[in-house]
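Counting starts at 1 for both ligands and their atoms, following the listed order.
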Amino acid sequence: MIHVRLSPTLNFQFGAFTVLVLLICSCQTHVIGPTRPIAATVGEDVILQSFLDPVMDAFGMTVEWTRPAMNPSFVYVWRDGVELESKKHPLYEGRTSVFTEELKRGNISLKLSRVRISDEGRYRCFIPALDKDHVVQLVVGAASSPVVQKTKDSSGLVLQCESTGWYPEPEMFWLDGEGNLLSAGPTETVRGPDDLYTVSSRVTVEKRHSNSFTCRVQQNSTNQIRETQIHVPDDFFEVQSSSSSTTFILSVSLAVCILVFLILGFLVWKFKTKKSHRDETDEREKSQEGEVLMAESKLNKEQPSREEAENRVQILDEEQQEKIREKQNSSSFSQNSTRKPAVVFRVDPRGKYIQLRNRSTEDQQLGGWNLKIQVNNEEPIKHTFEDSFNLKAEQVFTVGCCGYDKTYPCAQLVLKDLKSWSSRDNLQVSLISHPGEIQYNLDRIY
Ligand SMILES: *[C@@H]1O[C@H](CO)[C@@H](O)[C@H](O)[C@H]1NC(C)=O
Ligand SMILES: *[C@@H]1O[C@H](CO)[C@@H](O)[C@H](O)[C@H]1NC(C)=O
């Protein structure tokens with residue numbers, strides 16, 4: 001510091017001159033900077049731009065950077081050519097600075113290092129001598145690429161996507177190989193102690209025209225998009241489907257085998273007891289010659305009843321065979337009927353109806369099947385189709401909801417319990433086969 005001793009009058013004159021200069025300047029000089037919010041990424045450094053216009057040397061001035069919403073509100077104070085650290089908010093210790101060389105050129109920008117989420121907000125740059133300020137809005141964002149894993153469960157091939165370290169909260173989408181949105185389960189969001197969000201979502205997929213799937217995480221306000229693609233090999237699907245159908249066939253065959261063995265065992269046991277009865281009788285005949293007549297009459301009496309019994313066994317046998325045949329027939333029927341129906345669904349964006357479409361060239365017999373519609377995590381709405389229900393090839397079946405009215409396509413079925421939904425809601429439509437209670441989630445078309 002340079003101390004100049006001046007005579008009292010001169011000192012007064014100098015002071016008046018300074019005030020005069022500052023007054024003139026303050027009328028013309030402005031603190032300016034960007035008016036749009038500045039975006040910063042967590043962990044990186046950011047410069048909050050601010051400068052004097054027209055250019056004035058600010059090195060000797062007091063420059064205050066504050067956050068009006070905080071207490072203490074000082075983020076950085078420059079006074080008498082040095083930083084005044086004592087008033088600074090502890091959150092900013094060691095993280096704020098100005099560009100000393102630039103101050104002389106009127107550049108009073110603030111450098112904020114290692115940005116944190118808590119740094120988001122309004123920053124005021126104030127020059128007390130000019131009584132001028134400028135406010136800069138800082139927006140903090142964080143993003144990271146999602147990780148996709150594939151697993152199998154009873155309903156098929158499940159893809160799980162997770163992405164950590166987001167701010168603000170992002171949205172998560174699943175896309176198929178052609179960029180169509182897939183209907184997935186609800187996105188789970190967890191906020192960590194570092195204030196960053198972790199989002200995750202699962203989707204059950206089927207083999208499609210292409211077997212690549214994309215998990216996209218998107219944050220509109222910070223304009224961040226990260227995505228990860230996964231390629232599912234063909235055999236992954238095939239092993240999946242063939243193993244499940246093989247298991248089914250095996251279990252049915254096993255059940256039939258056990259039944260046949262039980263019946264055979266029963267028949268063999270019956271014959272054996274009969275035979276031992278007869279053998280015993282024969283022996284008695286030989287040893288008790290004196291009672292031949294009696295035995296003969298007894299045999300004569302037994303003869304027809306034995307024949308009758310044998311006939312009965314024969315009939316029983318045939319009946320059992322018939323039953324087995326029936327069982328086999330019915331099992332092959334249910335095998336056919338529990339294949340996933342070639343049905344897709346479309347959702348009315350106004351949230352009034354759902355359309356099921358048979359996209360195959362074969363009729364879909366859906367008699368006895370249950371239709372399940374679930375909006376987000378709410379209680380699913382179920383409907384059982386009549387036994388004769390047949391969705392013909394290429395035909396559309398419209399299911400209306402509560403708020404459904406005549407201005408929409410004619411609905412064949414109106415479910416009063418089904419609440420209207422918005423385009424943001426996640427809808428899952430499934431068909432549940434009656435035998436075996438297998439649930440098939442239908443694919444959504446847009
Ligand atoms: C102020 O200085 C910083 C650091 O050198 C620089 O990045 C910024 O562009 C400067 N601003 C102006 C308006 O010159
Ligand atoms: C974000 O933008 C996408 C399209 O770019 C849109 O589909 C989505 O609804 C937007 N999300 C929000 C929360 O505005």
- Those residues with a heavy-atom separation under 4.0 Å from ligand 2 are Glu171, Gln218, Asn220

- Query: Would you say the side-chain atoms of Gln365 and Asp363 include a donor-acceptor pair closer than 3.5 Å?
  - Reply: no

- Going by the atom numbers of ligand 1, which of them fall below 4.0 Å from some non-hydrogen atom of Ile47? 7 (O)

- Task: State whether the shortest distance between N or O atoms of Gln49 and N or O atoms of ligand 1 falls below 3.5 angstrom.
- Result: yes

- Message: For the residue pair Ser430 / Gln439, report whether a side-chain donor-acceptor contact shorter than 3.5 Å exists.
- Response: yes

- Query: Are Lys419 and Asp425 close enough for a salt bridge, meaning some N to O gap below 4.0 Å?
  - Reply: no

- Message: If only side-chain N and O atoms count, and only distance matters, is there a donor-acceptor pair under 3.5 Å linking Glu169 with Thr189?
- Response: yes

- Task: Answer yes if the side chains of Arg357 and Gln355 hold a donor-acceptor pair under 3.5 Å, and no otherwise.
- Result: no

- Message: Tell me if a side-chain donor or acceptor on Asn376 pairs with a main-chain N or O of Asn426 at a distance below 3.5 Å.
- Response: yes

- Message: Under a 4.0 angstrom heavy-atom cut-off, which atoms of ligand 1 come close to Asn107?
- Response: 1 (C), 2 (O), 3 (C), 8 (C), 10 (C), 11 (N), 12 (C), 14 (O)

- Query: Backbone N or O of Ala342 within a donor-acceptor pair of the Gln364 side chain at under 3.5 Å?
  - Reply: yes

